[in-house]
Every structure is written in C-alpha cells, then in structure tokens.
**Q** 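Please find one structure pasted underneath; my questions will follow.
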2 protein chains.
Amino acid sequence: MRLSRYFLPVLKENPSEAQVASHRLMLRAGMIKQQAAGIYSWLPLGWRVLRNVERIVHEEQQRAGHLPVLMPTIQPGELWQESGRDNSYGPEMLRITDRQGRKMLYGPTNEEMITDIFRAHASSYKELPLTLYHIQWKFRDEIRPRFGVMRGREFLMKDGYTFDLTREDAMIAYDRHMVAYLRTYERMGLTAIPMRADSGPIGGDDTHEFLVLAETGESEVMYDSAVTDLRLGDRRVDYDDAAQLRAICEEWTRPYARTDETHDVATFERQVPEARRRLSRGIEVGQIFYFGTKYSEPMGATVQGPDGKPVPVHMGSHGIGVSRLVGAIIEASHDDKGIVWPEGVTPFHCGIVNLRAGDGACDAAAAALEEGLAALGLEALHDDRDERAGTKFATMDLIGLPWRITVGPRGIKGGVVELTSRRTGESEELPPAEALAKVAAAYGVRAVVEG
Amino acid sequence: MRLSRYFLPVLKENPSEAQVASHRLMLRAGMIKQQAAGIYSWLPLGWRVLRNVERIVHEEQQRAGHLPVLMPTIQPGELWQESGRDNSYGPEMLRITDRQGRKMLYGPTNEEMITDIFRAHASSYKELPLTLYHIQWKFRDEIRPRFGVMRGREFLMKDGYTFDLTREDAMIAYDRHMVAYLRTYERMGLTAIPMRADSGPIGGDDTHEFLVLAETGESEVMYDSAVTDLRLGDRRVDYDDAAQLRAICEEWTRPYARTDETHDVATFERQVPEARRRLSRGIEVGQIFYFGTKYSEPMGATVQGPDGKPVPVHMGSHGIGVSRLVGAIIEASHDDKGIVWPEGVTPFHCGIVNLRAGDGACDAAAAALEEGLAALGLEALHDDRDERAGTKFATMDLIGLPWRITVGPRGIKGGVVELTSRRTGESEELPPAEALAKVAAAYGVRAVVEG
C-alpha cells in the first residue's frame, strides 16, 4: 500500500481528552475517531488491527470445534422478560421502542437469545456437546465511558455459549475455552493470566477472568511470577482430549494469580516464595463462566436425556473483548515514540521508507521491496510521499509496524537498504533480498534469497 | 466438518410464514432463525454464506483501491440535524434516547458520519481521490418487513463513499464502482444488470441500480437480452485507467435495461430488436449514486484546491446489500429440491455422504476424502450420521452444495465413489482421487492425482 494513496490522518499533538496511552496513541496514529461518547469509527489503520484480532479469535474458536453464528444487535424485550433479567439489568441496557411500539433493546450480551435458538432447534442429548459463538457489536450505556475503545459503549465482543448434558461435560467445555483463549492471547503477543474471579451468587471454582498486565489496568493483581513464564508455543492441542485440556488448565491456574476482588493474603504468602510475588495492575480481556441451568430452566431449554426424560442443559458463556483487545495490546506494547505492534496483529507486516521519492533508483528499489513482500503474502505500507526523513520516521515509529526497511540514495548505490526493528530499535545494512528474507522469517514465511 | 458435530437444524416442513423461495429455503436449510419481525440470527450454515459474500465484497473493493473503515451502528442525532435529514428521514429511522437523554439513532446509512470523518481529517485536494467504505449492520424500521433477509429491518450493507475535487473526478470514481460491482456479482455467480435509476431531484445520468433477474423481484425490468451475455471473465482491469473503466461501463450500459420507474417504451422499441426484448422481474442488490456537494456543502467538508481556495468535495455513495444478496442468490439459483449454490459463495465446497457409517472401509474412504479436500484448501461437509440414504441425499440437495461425493460399500469394493453435480444432477463413478481432482478443478485448484 502506498502511503500517498492511504488515509492515515496522524495527529502531531497529544489529544487532550485521552487519559491512557492506548487511547492517545490510537487517536494520534489515525486509528479511530470518536463519534459520540464511547462510540468510535475505526479508520483504515485501526480497521486492519481490529480485523486481525477478530480473525485470530475466529481461527482459535473454530480450531477448538466451536461453531460461528451471528445474532442480531437488536433483540426483542420479551426474551429478557423470560429470563427475568429485563428488570435486573439496569440503565446500562439501551432500551428502544420501535415504530410499532414494541419494546426492543440493543444487546449487551446474548444468553437469552442463544438459549432461544437452542430450545427452538435442539431436542436430544445426542446433539451435545455444542458450542455456538459469535463476534458481534454490543452496546452498554456506560455512565462514564473512557479510555477510548477500552471502555466504550458500542464495542465488539466474541461471546460463546456452551450446551452440555451434565455439569461434568460443561466443565470440559470450560477447560476447552480456557485453552483456546490462552492460544488466542498468545498469538496476539499478549501474556494474559487466567485468574479465579468472583462468580457472585452461584459460587464455586467456575469462572476465570483473563488479565493482561499493564500499569493502566482497572484491577489490581497479585500473582506468582512463574505464571508469566508459561507458553503454549508449538504444543499440539487435541481439543477432544479432556485430560490434556485439564492438564493445561492446571498448569496455568496452579500458580497463584488473583485480582483484588478474590485476593487472599495468607494463601498468597504461603504458596508463593517471596522472590516470585508480584503486585501489578491488569486489564480484563476475557472471561469464562459456567452458570449451569440459570437460563435453560426458566426458558425451557431442555433435551431428551438417554433415559428419555427432559433435562435442562448445562450452559456456560465465554467472552473476549475484541475491540477492547486492540487497546489492551497497545497498553502492553508501546514506548514513548508510539505503538509497537506484535507480529500477530500488526496492520502491515513491514514499513518501507523511501528517503528520496522521485529518485529513479530509490523508487525502483522501494517498489521492488513492496512487490517482493507481496509475493510472499506480506503487506507493506510504503511511504512514497515527498516529506522530510524525520517526518517519515516519526510516522512509522508512531504507527508501530514491527519492521521498517529504509531505502536511501547512498545505500542503493552501495546495494544495501537499512532494516530496523521497531522493538529493539536496532538497524543493519543489508542487500534488499536479505532484508526481505529477514522480514519474511519473522513472520514464519520462507523466502528464497537470490544471488 | 463432520455433520455429527455440526449444527444444521433442517426443517422437513415448509414454514408457513415464508412467501418466497429464498426465505423458505433459508429456514428449511437451517441458515437463519427469526428473532423478531425482520430481525434474524444467522445459524452456522447461513453464517458461512454471509461471510463468503462479505469476503468477496471486501476483496473487490480493495482491489479497486477503496479503503475499508468501520463506522459504529449508533450515531448521534446532531449529525443528521446538520445535513437536514433528521426531519426528512421519517419513521424508518430507529430513534433512540440514551441514559443521558441524548438523541441517538441506529444508522440506516452513513453519508453524514463519513462526511464528518472526512472534514475532521482531510484538508487538501492532494489527499483526493479517496474512497472509504465499510460493511456494517444497518437498521431501517420497515413497516412491513418480509421475504426473510431480503427485506429485513436489521441488515448488513456495504456502503462506500467517494470524495473528489470535481464532478469529472467523481464520475471516474462512479465508473470504478460500477466495474468493481460487476466483478463482485459475477464472482457470486450472479448476472446483475446495471439499470439507470431515477435519481430524484438531483437528476441526470448519475445513478444506477444493479438488478438480479428473479421472478420474485420487487421491480419490473425491461431489457435487451444482449446485456445478459456480457462477462468480465478473466479480463485484466486497471482501476487507474479511467478510459478502460469508461469503456467497460459503456459496454454494460449501452444495451437497454430499465426498471418500470424509468422505462421508456418508445426508446425500448426503437433501440432493441424485437427478438432481444425481454420483460422480467428483478431484485435490487446494489446502487451507485453521485450526489455532488449535497452533504459537503451544509456540513462544511471542503478541501483547499490547487489555487488555495476552499472547495466543497464532490461525493458519491455506493451500496451493496450484503445480507440481501444471500437471499437474491437463492432466488436466482434453486430448484424444487432446494438451494443450488454457485461455487463462489457455497458454504462448503463439497458434500461427502457416507452411506454406511460404521463400516470400516467406508469410514476410512470418507475420512480420506475429507482430508484430501482439506489439503487442497477445500472444505467438505461430511455426513457421517447413522441415517437412511434418502435422508442424507435430501439434506444435501436442500443445502445445495455444488458437489457431492457418495461413498458406499459396493463402490468402495470396486475402488470407486460417486461424484454428483448439484446443478445438473449428473453422477459418475470414479476412483476417489479422480473425484477429488474434479472437485478441485471446479474451484480452480490443481490436484495431483496419484496412481
């Protein structure tokens, strides 16, 4: 993509309304524009990151055997009367009356609707286990929306719902979600720690939140540093193997990790050696929750069990904040020059800076690099504008592409370009084909270096 | 995908509420579930088709150089006061009051918001031409929603907006959209005819609708049959070549094609030889529209022109009904057994019917076919259920996958399977590897046939 043809409205000044780094950087990098309190448009650069996050969530959900659906944003009020939540949900629910005078609402979550889908179509225990999920816009009318997309009113969420015959089966689905979530966050370059959460009146060990460590997090977190060393890496996960899933969940939940809501000082000090005790802040980026028959009973979502008798299904709901993750990733990965995208979600794989746009040799070299990357399935943002070098570097640093190739007249005469890592700031001079191969290797793509 | 693990709630009976084939078939094939009048959930099979349609729209838009963004569904009322449409839009607009008492609305379209984005960020004619588009849910509170997703209240639309310095430039953007749309529909297996539409008070030759021929269409259409013979096929389109774009647009708009709104009998009879005169019905699946400075003037969306003076930009809006297209494709492609998906949008590339699930040789052959297709990047829906052959065939015919491979004990003993085309109904017996290669070829994938 040529920057001269792109729409990247970067801001030079720090926007005064932004209190946290991610909000400030998303506005400065031209990723979003506020349209109303807590309601944002995603501009081209922001759209790309949002789309990457969404794609990773889809891929990891489907790898775990979960089935994508898409429920509408607008729901009929009746469903929420059936579950009893119509009264209890409060003013965060955006209530709407349509032209026929019917009570509707903008879905803040979808337990009722998915239960309605299930009861309409499923009838036998043989159809279980079943997990349906969707990635759809939600609305919660927060009284004080803030931190940009981290606490917006209209936000994109993945919410998945599990249906099982028994509590035991539902807990396998719970484990499956935990493992799928760990993989999801890891692919986004995040260390997200599962923490036992407060499950409210239902109680028990059946809800975990996933928290990304960041100074601006809304929750205080206390944890054993051993948990942040864990990686799934290339491990082969068989999502049909309940024992393997359990073992992974135990590996991640054995080390102490709690938010202030559930923190227990005595356990913390007994379990965790002093050198490994950590106190930090965290951003919640997901939650898994087993809630049993809370919706299936009042709404009549039953299946015929093996003995022919109707059984209300055991359910769970499992959410990932998709738009929120874009902010959380930035909170976890930025410096004073701008964003530092992890390779998994970067809007472009590589930046190309042509220091002398209009110079035949530089133009040709920069274009060849862009095409060479494209041939490997990698997308470049190619700054072909007639701007000062300082402006171009500042823009690239701000938008945070992991790799930058700089093409200048002196280098090209000597047959080299400069490859720079955004994360380390280190640069090296290399022939173009080698620079290209190094970038490709960073994305796990093999490039044949000619000559 | 194993059907035993899928969620495909097919209906045996014809749903009484459905008046048109697409609505009936989408309900029967377990693609959608109605949640309220004109509001649908997309179940797994429907989600796949919707996603394919969306992907093709994205690919063709980006190929034309248009930039994806994503605007929110909820908009502030103020924007519509600026444009003056707040009063004129009428009761189809879903108006909402938030908890702070602010007037909001669920966007039925996005001219105001995109103009707001443009004026906030663009300042010079050097940033033009620019096309920003998004694919987002819209809401229009139709008084009588009907025909399933064809005339829903909540629907998915691609709407793109062009910004140019002059009318002439805007008409190049108009042509670019027409060509991109022709490619889009063609990839979906549709013959969509651009027809001059009634542009209302603005007038002129500056809006076209795209209509798919179908008996159930809402519009009467009169056309020269020559237009339905046109194909872009493998033509290389250079979207920067205004002359080439114009030539393609002329090729498609020269033959007479009008809806009843703009039909002119005298011209029709003068221009079209009698043998080529056609009278049919059509479904509108898109519209392109040049509207000049209608929004840029009242909303102050100006750029500095080459002479330094502010110029209101010339704009156009260009829409494709993404969710509606799923219905339109079915209207154009079905028979009395069910849907017949075009290869471009089919939810799975191939069905595999195992006639004797539980038989070792049949199970192994069916599994090997599924894996063989997957290795080529093709997805199969593999009916591994313990059901009668008639049920399995009826389901496959209903859901309309273009290709079906049937694995039976007798065939397997003889080293063959049966390959069936959904469109022609023709079957042939082939060794599994050859069946696989034929399916691959239909999708333009080359398979190496062993042995």
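Residue numbers begin at 1 in each chain, while the letters A, B, ... track the order of the sequences.
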**Q** Under the 3.5 angstrom rule, does the side chain of B/Gln35 hit a backbone N or O of A/Gln75 as a donor-acceptor pair?
**A** no

**Q** Against chain B, label A/Glu78 side chain, backbone, both or neither, depending on which of its atoms sit under 4.5 Å from a heavy atom there.
**A** neither

**Q** Less than 4.5 Å to any heavy atom of chain B: does that hold for the side chain of A/Trp47, its backbone, both, or neither?
**A** side chain

**Q** Just to verify, what does A/Arg63 make a side chain to side chain donor-acceptor pair (under 3.5 Å) with, not counting sequence neighbours?
**A** A/Glu60

**Q** Considering only heavy atoms from C-beta outward, does the side chain of B/Ser41 approach that of A/Ile114 to under 4.5 Å?
**A** no

**Q** So if I take each residue of residues 64-74 of chain B and look for any heavy atom under 4.5 Å from a heavy atom in chain A, which residues do I end up with?
**A** B/Leu67, B/Pro68, B/Val69, B/Leu70, B/Met71, B/Pro72, B/Thr73, B/Ile74

**Q** Picking from B/Pro91, B/Gly46, B/Gly30, which has the most non-hydrogen pairs under 4.5 angstrom with chain A?
**A** B/Pro91

**Q** Looking at A/Ile143, A/Thr97, A/Leu130, A/Leu132, which makes the most heavy-atom pairs under 4.5 Å with chain B?
**A** A/Ile143

**Q** Is there a donor-acceptor pair under 3.5 Å between the side chain of A/Glu127 and the backbone N or O of B/Ser4?
**A** no

**Q** Is the count of non-hydrogen atoms from other residues, nucleotides or ligands lying under 6.0 Å from B/Arg5 atom CZ greater than 12?
**A** no

**Q** State, yes or no, whether a side-chain contact exists between A/Glu142 and B/Arg99 at a heavy-atom distance under 4.5 Å.
**A** no

**Q** Should the pair A/Arg95-B/Asp98 be classified as a salt bridge under the 4.0 Å nitrogen-to-oxygen rule?
**A** no

**Q** Highest number of heavy-atom pairs under 4.5 Å with chain A: which of B/Met93, B/Met113, B/Arg48, B/His134?
**A** B/Met113

**Q** Under 4.5 Å, counting heavy-atom pairs only, tell me which of A/Trp42, A/Tyr40, A/Phe139 racks up the most with chain B.
**A** A/Trp42

**Q** Does any non-hydrogen side-chain atom of B/Met1 lie less than 4.5 Å from one of A/Gln62?
**A** no

**Q** Which bit of A/Leu94 comes within less than 4.5 Å of chain B, counting heavy atoms only: side chain, backbone, both or neither?
**A** side chain

**Q** How about residues 157-164 of chain B versus chain A: which residues have heavy atoms under 4.5 Å apart?
**A** none

**Q** Ring-plane angle category for A/Phe7 and B/His121, please: parallel below 30°, perpendicular beyond 60°, tilted otherwise.
**A** perpendicular

**Q** Carefully, step by step, assess A/Lys33 and B/Asp116 under the rule side chain to side chain contact (heavy atoms under 4.5 Å, CB included).
**A** CA-CA 10 Å; A/Lys33 178 185 185 304; B/Asp116 179 55; 3.0 Å; yes

**Q** Answer with side chain, backbone, both or neither: which region of B/Leu45 has an atom nearer than 4.5 Å to a non-hydrogen atom of chain A?
**A** neither

**Q** With a 4.5 angstrom heavy-atom cut-off, is it the side chain or the backbone of A/Leu43 that approaches chain B, or both, or neither?
**A** both

**Q** So do A/His58 and B/Arg51 actually touch side chain to side chain, heavy atoms under 4.5 Å?
**A** yes

**Q** For A/Asp386 and B/Lys126: C-alpha separation, side-chain torsions, deciding distance, then whether salt bridge (charged side-chain N to carboxylate O under 4.0 Å, His left out) applies.
**A** CA-CA 12 Å; A/Asp386 182 21; B/Lys126 291 179 191 159; over 6 Å; no

**Q** Pick one of side chain, backbone, both or neither for A/Leu128, based on which atoms fall under 4.5 Å of a heavy atom in chain B.
**A** neither

**Q** Taking only residues two or more places apart in sequence or in another chain, which ones pass side chain to side chain donor-acceptor pair (under 3.5 Å) with B/Ser83?
**A** B/Glu112

**Q** In terms of heavy-atom proximity below 4.5 Å to chain A, should B/Leu156 be classed as side chain, backbone, both, or neither?
**A** neither

**Q** Check whether more than 12 heavy atoms from other residues, nucleotides or ligands sit under 6.0 Å from atom CD of B/Gln100, and answer yes or no.
**A** yes

**Q** Please classify the contact between B/Tyr6 and chain A as side chain, backbone, both or neither, with a heavy-atom cut-off of under 4.5 Å.
**A** both

**Q** So if I apply the side-chain contact (heavy atoms from CB on, under 4.5 Å) rule between A/Met104 and each of B/Asp141, B/Ile96, B/Ile39, which one comes out positive?
**A** B/Ile39

